[in-house]
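Encoded as structure tokens, the structure appears first; notes follow it.
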Amino acid sequence: MKISPLFTDFYELTMAQGYFLHHHNPNVVFDMFYRRHPFDGGFEIFCGLEDIVRELSDLKFSSDDIAYLKNLGIFTEEFLKYLQDFRFTGSLYAFDEGSIVFPGEPLIRVHAPLIEAQIIETLLLNIINFQTLIATKSARLLIATNYGHILEFGMRRAQGPDGALHASRAAYIGGAAGTSNTLAGKKFSIPVMGTMAHSWVMSHETELEAFRKYAELYPDASILLVDTYDTLEQGIHNAVKAGLELKAKGKKLGVRLDSGDLAYLSKQVRKILNNAGLHDATIAVSGDLNEQIAAQLLAEGAPIDTWGVGTQLATGNPDAALTGVYKLSALETEEGLRPAMKVSNNPSKMTNPGIKQVYRFFDSQGAPLRDLICLDNEIPSSGRVKVFHPTMQYKHTVIADFQTAEPQLKQVMKNGHPLISPTPLSELQKRVKTQLRTMDESFLRLINPHEYKISISEPLRDLKFRMIDEYSK
């Protein structure tokens with residue numbers, strides 16, 4: 001979807017005009033990062049990068065956009081003429097989409113003239129914050145269900161059509177097997193799936209008639225909703241009758257539970273199906289599920305094959321947003337690029353200055369050990385690497401047990417042109433699952449996860465605290 005550059009906070013444009021009229025448009029570097037874990041979790045899934053690259057490569061103001069800005073009576077003809085020819089000419093460095101990421105480390109590094117870097121801020125944050133949040137929620141559900149079969153169907157309660165579409169995209173990358181969102185299926189090549197509504201059952205004379213007609217229409221995808229009237233006394237027994245008729249044709253039955261005690265009901269339904277000889281019939285559940293409920297159901301031994309998750313997944317409940325921010329880290333001067341940082345009375349809100357790279361250290365089995373934020377011209381040595389706490393000046397440790405250290409920020413745009421091609425979402429999902437399986441389980445726990453360590457290098461530590469001292473004078 002092509003997005004107008006007007007999709008930005010108004011002050012980005014008023015600042016841009018100020019920069020333009022004062023001939024202040026140096027090359028700069030901005031970092032996009034986030035400050036804390038959503039969901040009280042221990043990791044996030046970086047998502048939305050390819051959308052950003054596509055939008056930035058074709059970002060321009062239309063004649064209608066310019067006319068609207070002119071009518072506001074705030075912008076000069078000279079600046080509006082500049083906007084008519086506006087294009088993003090900068091470069092981007094970023095983690096691979098689908099990577100596991102952590103608070104404090106730059107996920108995207110933007111190199112661009114100041115006006116361009118300022119105008120794209122809102123667009124970049126909007127896309128990355130939302131999709132990373134939903135992909136993370138999906139991955140948490142994947143872990144909770146022991147890499148189960150998850151169906152995303154939250155579009156009815158998502159934040160508008162665009163929110164629903166990109167929630168489907170992000171949920172699939174994070175691990176969902178498919179979506180109920182037909183348009184997302186078309187747009188992103190996500191498998192589309194669904195069962196039936198209670199209204200299908202209620203609109204027929206009998207429940208059995210409803211089941212038989214549905215099975216006749218969709219013999220290869222017959223998932224029957226058995227809780228419209230009475231799950232155990234009526235619904236499942238009618239489903240068994242339809243299921244035996246399907247079995248006689250060489251087809252399989254599926255049933256869905258949408259209400260009630262899902263642990264108890266799924267166990268009873270499994271017994272009834274097995275006693276009828278329908279051992280290969282599947283059980284799907286839905287009904288305001290989240291990762292905690294799913295984990296509890298599995299802990300109780302609920303025989304569930306498919307998990308239908310709607311509102312809680314598509315909206316990122318209970319977290320409304322990822323805490324992503326976009327901060328200036330370097331500014332071109334007559335002497336060259338000068339490091340920049342935000343200094344605050346709150347140490348957690350101080351930023352790391354300069355142009356930075358992130359290295360991930362791996363053990364001999366390919367498991368991540370720790371991430372290191374360092375200056376871009378640094379290359380961690382082999383053997384022993386001294387690393388420092390991000391906010392405590394003298395707290396440090398030594399990484400000595402690593403096999404490799406790999407840079408995570410890779411160039412994805414150069415001079416406004418993409419350097420990456422669209423990746424099938426199935427490949428991005430595969431990356432997520434591969435990385436999750438390499439992480440130590442303690443970092444992936446749903447409750448009270450172990451903290452994955454993010455450190456800074458000694459040269460970055462020295463630069464940071466020297467700048468803090470200078471600003472304090």
Side-chain angles (χ1 to χ4, degrees), residues 137-154 171 175-180 191 193-202 207-208 210-212 214-215 218-247 251-314 317 446-447:
K137 186 72 171 182
S138 185
R140 286 170 59 82
L141 281 158
L142 190 69
I143 293 166
T145 60
N146 193 24
Y147 294 82
H149 191 263
I150 300 166
L151 170 63
E152 176 274 316
F153 58 85
T179 180
S180 67
M193 305 174 183
T195 59
M196 63 167 60
H198 291 104
S199 58
W200 173 271
V201 178
M202 296 163 64
E207 187 176 53
L208 180 58
F211 289 169
R212 280 175 168 159
Y214 197 87
Y218 308 109
D220 295 311
S222 290
I223 302 177
L224 308 180
L225 187 57
V226 298
D227 70 338
T228 302
Y229 302 118
D230 190 311
T231 301
L232 296 182
E233 294 299 322
Q234 179 177 331
I236 186 57
H237 297 289
N238 285 325
V240 165
K241 291 175 185 177
L244 291 172
E245 292 167 4
L246 280 170
K247 184 178 181 181
K251 306 297 182 179
K252 296 180 181 179
L253 171 71
V255 299
R256 177 162 72 99
L257 301 168
D258 189 52
S259 60
D261 186 329
L262 296 179
Y264 172 76
L265 290 174
S266 62
K267 292 176 184 178
Q268 296 303 309
V269 164
R270 183 76 268 166
K271 288 179 184 178
I272 293 169
L273 291 169
N274 289 350
N275 289 339
L278 298 173
H279 299 276
D280 58 358
T282 60
I283 299 174
V285 296
S286 55
D288 210 26
L289 299 177
N290 59 29
E291 60 267 47
Q292 288 80 16
I293 293 172
Q296 182 61 38
L297 287 170
L298 279 192
E300 293 181 32
I304 295 167
D305 302 291
T306 297
W307 308 81
V309 189
T311 304
Q312 303 255 358
L313 175 51
N317 189 64
L446 299 179
I447 300 173

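A quick note: this is a predicted structure, and the numbers were derived from the prediction, not measured.
In this structure, the separation between CG on L262 and CH2 on W307 is 8.5 Å, given to the nearest 0.5 Å. The line from CG of N274 to NE2 of H279 is 5.0 Å long, rounded to the nearest 0.5 Å. Atoms CG and CD, from D230 and E207 in turn, are 9.0 Å apart once rounded to the nearest 0.5 Å. One finds the CG atom of D220 at 3.5 Å from the NZ atom of K251 (value rounded to the nearest 0.5 Å).
With sequence neighbours left out, the ring-ring contact (aromatic ring centres under 6.0 Å, His included) criterion links Y147 to no other residue.
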Result block: side-chain N/O donor-acceptor pairs under 3.5 angstrom for residues 293-305, not counting sequence neighbours:
residue	atom	partner	partner atom	Å
Q296	NE2	E300	OE2	3.0
D305	OD2	I283	N	2.8

N/O donor to acceptor pairs below 3.5 angstrom from side-chain atoms of residues 221-228, sequence neighbours left out:
residue	atom	partner	partner atom	Å
S222	OG	Y218	O	2.5
D227	OD1	H198	NE2	2.8
D227	OD2	D258	N	3.3
D227	OD2	S259	N	3.1
D227	OD2	S259	OG	2.6

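R140 places no side-chain N or O within donor-acceptor distance of the main-chain N or O of N290, the cut-off being under 3.5 Å. Remark: side-chain polar atoms of K247 are paired, donor with acceptor, to backbone N or O of G277 under 3.5 angstrom.
Of all heavy-atom pairs between A281 and R270, the closest is O-NH1, 2.8 Å. Nearest heavy atom pair, residue L151 against residue S180, reads CD1-N, 4.0 Å. When all heavy atoms of V201 and A210 are compared, the pair lying nearest together is CA-CB, 3.8 Å.
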